[in-house]
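One structure is given below, encoded as structure tokens.
Below, all heavy atoms of this structure are taken into account, side chains as well, without hydrogens, waters or symmetry copies. The shown structure was predicted, so the numbers you read here are calculated from the model rather than taken from an experiment. Just so it is clear: chains get the letters A, B, ... in the order the sequence lines come, proteins before strands, and each one is counted from 1.
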There are 2 protein chains.
Amino acid sequence: MDLRRLELLRELAERGSITEVARATHRTPSAVSQQLRILEREAGLPLTEKAGRGIVLTDAGRALARSATDVAVAIEQATALWDEFRNDPTGEVSLATFPTGGQMLLPGVVNRLDAVGGLTLHCSDRDPESDDFPALTADFDIVLAHTASSAAMNWPTTDVTAVKLMTEPLDIALPPGHPLAAKELLDPEDLIGERWIGVPWGYPFERTIHDISAAAGSPMNVVQRFGDTRVTEAFVAAGLGIAILPCYTAGGAYRSEIVLKNLRGVVAERHIFALMRPDRAERLAVRTVVDALRAEADAVVAANLHRNPPRP
Amino acid sequence: MDLRRLELLRELAERGSITEVARATHRTPSAVSQQLRILEREAGLPLTEKAGRGIVLTDAGRALARSATDVAVAIEQATALWDEFRNDPTGEVSLATFPTGGQMLLPGVVNRLDAVGGLTLHCSDRDPESDDFPALTADFDIVLAHTASSAAMNWPTTDVTAVKLMTEPLDIALPPGHPLAAKELLDPEDLIGERWIGVPWGYPFERTIHDISAAAGSPMNVVQRFGDTRVTEAFVAAGLGIAILPCYTAGGAYRSEIVLKNLRGVVAERHIFALMRPDRAERLAVRTVVDALRAEADAVVAANLHRNPPRP
DNA sequence: CTATTCCTGTAGAGTCCCTACATGGATCTG
DNA sequence: CAGATCCATGTAGGGACTCTACAGGAATAG
């Protein structure tokens, strides 16, 4: 049984169509189709079935594809082993991130990696609104993602390896002259009646706003919704409303025109993870980048300790 | 990086010479040499070095070869998974055994497997004196071996998977007219002064004889040494001495001319294992045979319970 | 020293896989 | 309903890879 064929099956499981697999693997659809047909003949049972003008995997096909991951993990472990023998984490690592995560962590990470040398990191940012972050692991070695659910990540952990990088508190952003700016800590009840600058539907912070309104016993008045925090900050600085912002990244160009206040009585934080396909997570170069990410995240948390002491 | 090349490296680690690997894999030494050279170039560091007119693996080479096992295990697990989907443990399984183990277990195992069907088991016996049983796992899917050390098997467990099949008591074999035949249980002291039919140096039972002499406080008088228990039985039946024999297998053609007596005060037993290379152990057909071996071993133990109740 | 054993190099044949191109079916659109 | 589009799948041929056959070099045994 051939590994390259099994690999194709796994790609098919991740991408859903032969055409997509062919595009991702730089081949013609015909080649992919032929190889899958051979694999199916070897397996002795149907792995795919027609669905409309495409195909879908059968249960057996999905199971085989999953086992392909285990094989890939073993292979990458072997490769990492000999990279370790050469003590040479050389290679290219690709990384996708949500905007504020990249802003907060990536400059420091690239600095750390430059100090090591021999390893190039290609980063790009993705729109949290339009992209499915776990699925991006098919195209990137590392995907930085955030979630509000403090419990175990809601990522599909069987297919994706998740490494926790940090927990970032969410603060309430106010214009400097705002009456609440005089308080040390804010309670949910303080926020009733305020005009909110929120986030688009489905964004992680959405849930926190909902929690606040639940704690206050009154719905919040969300007058604007922006995905980009810079727009939110501009609105807050202009005195047009208050917002929830991740405290380590908030500020930017508006640092002097925005006041950040801790909130109590509601769990307001986001959790930042590095997501990887399990086999890619074994690569020595990838592990090196993840180590740098964790170190940088720890440094960011430490640098902000004076401003945001750990909450109860 | 190519799996077939990694597989060759593992074969080299197990067999020690390119010529042997070539013979085992049905290739010419030239082909093996070429592939290993390519692997070495890919790895970027020397994997072998000359030693006399042969070669030996470097440390890096050995480490890589070991990782090849993990990859092979993952692949065989995947293969087994799809065999399970077909519910079809078809295939050929080869088995090597020590003589008395084969005599005791294999007829029943073949019967059990015939009842299932679709699976052929090739058995052959090996001389415990001249063969290194763990090393036989390179050539056979399953190797039956026995050891006297009750503790964890002394097999190299990192490279070999060991499944315990049974513990077989060792009894004292006497000719029917022997004075000790009247006793229910024998003590080590009873055996002082007897003429012993022993086993060649290095056989497992050797250790038990040593333990008896230690318990009795007097050396045993070993007058003959035979590897084949039938010869030993013939000598005991002829009244030429007493011997230690595994109780489930002892007797044979001489069952009426030999008396078996339990021994107390000394741990006298041998442990029977199935040894396999870890990847081969994952094959569905192999697992099916091992299941049959365990079932047959349990049946043998149960059938002999009336004769040999469990010892304290 | 000669024979033997083992590893390695070269040239050529066979096998396998991919591309280019064409076909057939399903879906969408005007 | 007809044409356009998308997807999967066949066929033929070219290219890469790996094997064998054979030869040569180095170390060892008798």
Side-chain angles (χ1 to χ4, degrees), chain A residues 1-58 60-62 64-65 68 71-72 75 79 135 138, chain B residues 1-58 60-62 64-65 68 71-72 75 79 135 138:
Chain A
M1 100 168 195
D2 190 68
L3 271 195
R4 299 155 42 79
R5 285 193 258 268
L6 215 67
E7 196 61 28
L8 283 183
L9 186 67
R10 178 162 66 134
E11 290 285 348
L12 182 62
E14 285 180 357
R15 302 183 189 273
S17 89
I18 288 186
T19 306
E20 270 304 303
V21 174
R23 194 177 354 255
T25 59
H26 309 292
R27 273 180 277 216
T28 57
S30 179
V32 176
S33 178
Q34 289 174 51
Q35 295 305 312
L36 288 176
R37 168 158 295 279
I38 294 174
L39 186 66
E40 193 163 283
R41 183 162 49 77
E42 286 178 349
L45 44 82
L47 301 176
T48 62
E49 51 192 10
K50 294 185 191 295
R53 56 186 174 194
I55 57 172
V56 293
L57 287 174
T58 61
R62 259 186 302 278
L64 262 193
V71 178
I75 289 177
T79 308
Chain B
M1 101 164 192
D2 191 68
L3 269 196
R4 298 155 41 78
R5 286 194 257 268
L6 213 66
E7 195 61 28
L8 283 183
L9 187 67
R10 179 164 65 134
E11 290 285 347
L12 182 62
E14 285 180 356
R15 302 182 189 274
S17 90
I18 288 186
T19 306
E20 271 303 303
V21 173
R23 198 182 343 261
T25 59
H26 309 292
R27 274 180 277 215
T28 57
S30 178
V32 176
S33 177
Q34 289 175 53
Q35 296 306 311
L36 288 176
R37 168 159 293 281
I38 294 174
L39 186 66
E40 192 162 285
R41 183 161 50 77
E42 285 178 349
L45 43 83
L47 301 177
T48 62
E49 50 193 11
K50 294 185 192 293
R53 59 187 170 192
I55 56 172
V56 293
L57 287 174
T58 62
R62 256 187 303 278
L64 261 193
V71 177
I75 289 177
T79 308

- Of residues 6-18 of chain A, the positions that come close to DNA chain C - non-hydrogen atoms, cut-off under 4.0 Å: none

- Note on the structure: With sequence neighbours left out, the residues meeting side-chain contact (heavy atoms from CB on, under 4.5 Å) with B:Q34 are B:S30

- Task: State the OG1-CD distance between B:T25 and B:Q35, to the nearest 0.5 angstrom.
- Result: 10.5 Å

- Query: Below 4.5 Å, heavy atoms only, C-beta onward: do A:L64 and A:L47 meet side chain to side chain?
  - Reply: yes

- Message: Under 4.0 Å, heavy atom to any atom of DNA chain D: which of residues 23-37 of chain B qualify?
- Response: B:H26, B:R27, B:T28, B:S30, B:A31, B:Q34, B:Q35

- Message: Given 3.5 Å as the limit, does a donor-acceptor pair link the side chain of B:S33 with the main chain of B:P29, or not?
- Response: no

- Item | Terminal helix-axis angle for the helix from C:dC1-D:dG30 to C:dG30-D:dC1, with five pairs defining each axis and rounding to 10 degrees | 20°

- Query: What residues, two or more places apart in sequence or in another chain, satisfy salt bridge (charged side-chain N to carboxylate O under 4.0 Å, His left out) together with B:R62?
  - Reply: B:D59

- Query: Between B:E7 and B:R10, is the closest basic N to carboxylate O distance under 4.0 Å?
  - Reply: yes

- Query: Between A:I75 and A:L3, is any pair of side-chain heavy atoms under 4.5 Å apart?
  - Reply: yes

- Report the residues that fulfil side-chain contact (heavy atoms from CB on, under 4.5 Å) with A:L36, sequence neighbours left out, ordered by chain and then residue number. A:L8, A:L9, A:L12, A:I18, A:V32

- Message: Counting only heavy atoms and a strict 4.0 angstrom limit, can you tell me which residues of residues 42-53 of chain B come near DNA chain D?
- Response: B:G52, B:R53

- Note on the structure: Shortest non-hydrogen pair, B:P46 vs B:A60, comes out as O-CB, 4.4 Å

- Among pairs that include at least one residue of residues 36-53 of chain A, which meet salt bridge (Lys or Arg N to Asp or Glu O under 4.0 Å), considering only residues two or more places apart or in two chains? A:R5-A:E42

- Item | Contact boundaries on DNA chain C for chain A, cut-off under 4.0 Å to non-hydrogen atoms | C:dC17 to C:dT27

- Query: Between which nucleotides of DNA chain D, 5' to 3', does chain B make heavy-atom contacts below 4.0 Å?
  - Reply: D:dT18 to D:dT28

- Item | Value rounded to 0.5 Å, distance of OG1 in A:T58 from CG in A:L45 | 7.0 Å

- Please list all pairs passing the salt bridge (Lys or Arg N to Asp or Glu O under 4.0 Å) test where one or both residues lie in residues 13-32 of chain B, with sequence neighbours left out. B:E11-B:R15, B:E14-B:R277, B:R15-B:D139, B:E20-B:R23

